[in-house]
Amino acid sequence: MIDIKRLRQDPEGSRASLLRRDRSLAQSVDALLALDRERRETLGRVEALKAERNAATEEVARGKRAGEPVDDLMARLRASGEEVKVLDGRLREVESELDRLVLALPNFPAEGIPDGDAGANRLVRTWGEPPVFDFLPQPHWELATALDMLDLPAGARLAGSGFAVFRGRGARLIRALAGFMLDLHTREHGYVEIAPPYLVNRAALTGTGQLPKFEEDLYGCGADDLFLIPTAEVPVTNLHRDEILEPADLPRGYVAYTPCFRREAGAHGKDTRGLIRVHQFDKVELVRFSRPEDSDAEHQRMTGHAEAVLQRLEIPYRVVELAAGDTGFASARTFDLEVWAAGVGTWLEASSSSTFTDFQARRANIRFRREPRARPEFVHTLNASGVAFPRTIIALLENNQAADGSVRVPKALVPYLGVDRLAPTA
RNA sequence: GGACAGGUGGCCGAGUGGUUGAAGGCGCACGCCUGGAAAGCGUGUAAACGGCUCAAACCGUUUCGAGGGUUCGAAUCCCUCCCUGUCCGCCA
């Protein structure tokens, strides 16, 4: 969440910053400021009352010990106790409303990012060349079905549309990608591998920002009030919830390979062919914790780590910096890595690399100490897909296809997949 | 799922209604001692919120798993929930 003190100290600047993201936030900001004022007023009154009460209570103790009559004093304290109870109740109401509002407010966008909506996203760089074919390249669902790697009708039968079954070399490809990416990030980029729970509680989802606002995007297990993770970002970032890290702990990076579950409510009919948008997919995720002053550099490094995956897999991609209006709720700055998919003829987002500044750290209460006795400060959190599987598979199949329907396997993947070419068996 | 035992500061651990934010120990920081180190000695070691500040100091409030209750007053008594351990049941 954003720092309410920043809002209080610089209302105009804060408001302007949030409006870059969403014009309709003006009201929330005003409501928040009014409630904050009321909270501090009420707090002042109730605390003064409590200070009096505490002093008088000591008086009672002293009097009782000395054998003096204290009935009058106790009667008066009983009355002021009632007043405290009323004010405390009011304070609780104000604070829970304040909480509700501030949890619904997105992060401040970073200074340098473009204004506007998705249309204003800025192309930062491209890598590789989209392949040219002397035949009409097929979409991945044709290729994968012919190669007996993918069974979409079976997925639909088992769980519904948007669920895929990988089989044979398709399933093996999933395992190969997981091994390849995890090895790269742990061995060459210094990440610590985590195998987290795939179900998390509300506190975890509130920490990273999915709750309370985006509950309808999640699959929930009602009876236990748990949710299937939409990304490993949730369990892995929350690993340090309510902790104070030592200076030596930063920066620190974790990598996790997990399935991700997304209801994609409201996304029906959009990009839904084949594997482009599915309800369950695998992803290797990078999560980093850093000091505030290092987070921009860390963001660049981590984006590079995600890019390294695509480069080794020889997948052409472009890096896009999202505009303020297109940047996700918790993120201050996001780079999307979009891979070229020759069969469907479009760029597909395969990784999203974001810095959350102190937004998630505040929600999840993740802090660090610069010096042994210094007062704790919030860390900065970052994460990047490193990378999502379905769109990687789409790119691999569609870009490396041959006229006979076979697919070349990039060198980096051969040791993991065991073959250098996928060809129809028939 | 059932029974029992527990959840106290960075860690261990005392504390069953009145200066207990919390004894004692460990750890950590600083100082003394030492040629240097260890040992020893001394001092200091939680956080959040609010007030006042440029800031700190300072003052106030809150916090002993979470939430509620009893009381003039709760770490301590009562209720609900969560978590951990042990045993039993079930089970990959």
Side-chain angles (χ1 to χ4, degrees), chain A residues 1-10 32-103 195-207 211 221-227 235 238-250 252 259 289 358 361-379:
Chain A
M1 68 191 114
I2 62 170
D3 183 4
I4 194 147
K5 280 185 206 146
R6 171 167 168 190
L7 212 56
R8 195 188 293 152
Q9 279 158 12
D10 180 20
L32 208 60
L33 285 168
L35 273 170
D36 177 55
R37 216 169 300 124
E38 180 171 2
R39 180 179 100 85
R40 280 180 297 145
E41 266 171 38
T42 312
L43 194 61
R45 279 164 63 201
V46 74
E47 284 188 352
L49 218 51
K50 282 179 178 173
E52 278 175 45
R53 186 193 62 185
N54 290 345
T57 286
E58 270 179 52
E59 206 53 44
V60 170
R62 196 173 4 246
K64 281 206 166 177
R65 239 179 281 125
E68 293 162 9
V70 289
D71 289 3
D72 282 6
L73 198 51
M74 280 170 57
R76 265 193 290 135
L77 276 167
R78 205 169 299 138
S80 93
E82 287 307 309
E83 203 180 339
V84 167
K85 206 169 279 184
V86 170
L87 283 174
D88 264 340
R90 176 61 195 150
L91 194 61
R92 254 205 306 277
E93 279 172 33
V94 171
E95 285 183 341
S96 86
E97 180 63 11
L98 210 49
D99 229 43
R100 201 180 63 75
L101 279 176
V102 78
L103 284 174
Y198 303 155
L199 287 168
V200 291
N201 57 29
R202 283 180 185 274
L205 286 155
T206 305
L211 289 182
C221 307
D224 298 296
D225 208 25
L226 294 172
F227 298 85
N238 278 281
L239 231 37
H240 292 302
R241 191 167 82 223
D242 291 324
E243 285 188 353
I244 300 176
L245 303 172
E246 295 307 317
D249 295 336
L250 298 173
R252 155 178 299 221
F289 298 83
D358 61 358
R362 282 177 188 284
R363 290 176 159 246
N365 193 30
I366 306 168
R367 296 173 293 172
F368 79 106
R369 239 185 265 280
R370 281 177 196 281
E371 305 292 332
R373 304 267 297 289
R375 84 183 270 284
E377 299 172 52
F378 290 107
V379 302

Query raised in the report: How far, in whole Å, is B:U76 from B:G60 if one measures between their P atoms?
Result: 24 Å
Query raised in the report: How far does the P atom of B:A3 sit from the matching atom of B:C79, given to the nearest Å?
Result: 15 Å
Report task. Could you give the distance separating B:C83 and B:G42 at their P atoms, to the nearest angstrom? Result -> 45 Å
Report task. Considering only atom C1', compute the distance from B:A74 to B:A57 and round it to an integer number of Å. Result -> 32 Å
Query raised in the report: Does any nucleotide pair with B:C64 by Watson-Crick or G-U wobble geometry, both distances under 3.5 Å, and what is it?
Result: none
Requested in this report: Measure from the side-chain heavy atoms of A:V60 and tell me the nearest of B:G18, B:G50, B:U62.
Outcome: B:G18
Requested in this report: Sort out the partner of B:A22 for me: Watson-Crick or G-U wobble, both distances under 3.5 Å, none otherwise.
Outcome: none
**Report entry** Option passing salt bridge (Lys or Arg N to Asp or Glu O under 4.0 Å) with A:E377 (candidates A:R370, A:R362, A:R367)
**Finding:** A:R370
Query raised in the report: Considering only the C1' atoms, how many Å lie between B:U84 and B:U34, rounded to the nearest integer?
Result: 47 Å
Query raised in the report: Can you tell me the Watson-Crick or wobble partner of B:U76, both distances under 3.5 angstrom?
Result: none
Report task. Scan every strand shown for a Watson-Crick or G-U wobble partner of B:G6, both distances under 3.5 Å, and answer none if you come up empty. Result -> B:C83
Query raised in the report: Of the candidate nucleotides B:C49, B:U61, B:A47, which contains the atom at the shortest distance from the side chain of A:R367?
Result: B:A47
Report task. Run the salt-bridge test on A:R92 and A:E95 with the 4.0 Å N-O cut-off and return the result as yes or no. Result -> no
Report task. Between B:A55 and B:C49, how far apart are the P atoms? Round to whole Å, please. Result -> 15 Å
**Report entry** Pairwise P distance for B:G10 and B:A5, with rounding to whole Å
**Finding:** 29 Å
Query raised in the report: Does B:C32 have a Watson-Crick or wobble partner in any strand here, with both distances under 3.5 angstrom, and which is it?
Result: B:G40
Requested in this report: Could you please name the partner base of B:U16, counting Watson-Crick and G-U wobble pairs only when both distances are under 3.5 Å?
Outcome: none
Report task. Identify the two heavy atoms, one from A:L35 and one from A:V94, that lie closest to each other, and give their separation to 0.1 Å. Result -> O-CG1, 3.7 Å
Query raised in the report: Considering Watson-Crick and G-U wobble pairs with both distances under 3.5 Å, what does B:U45 pair with?
Result: B:G27
**Report entry** Between B:C91 and B:G17 - C1' atom distance, rounded Å
**Finding:** 47 Å
Report task. Give a yes or no on whether a salt bridge exists between A:K50 and A:E47, defined as a side-chain N under 4.0 angstrom from a carboxylate O. Result -> no
Report task. Could you let me know what B:G50 is paired to, Watson-Crick or G-U wobble, both distances under 3.5 Å, or none if it's on its own? Result -> B:C59
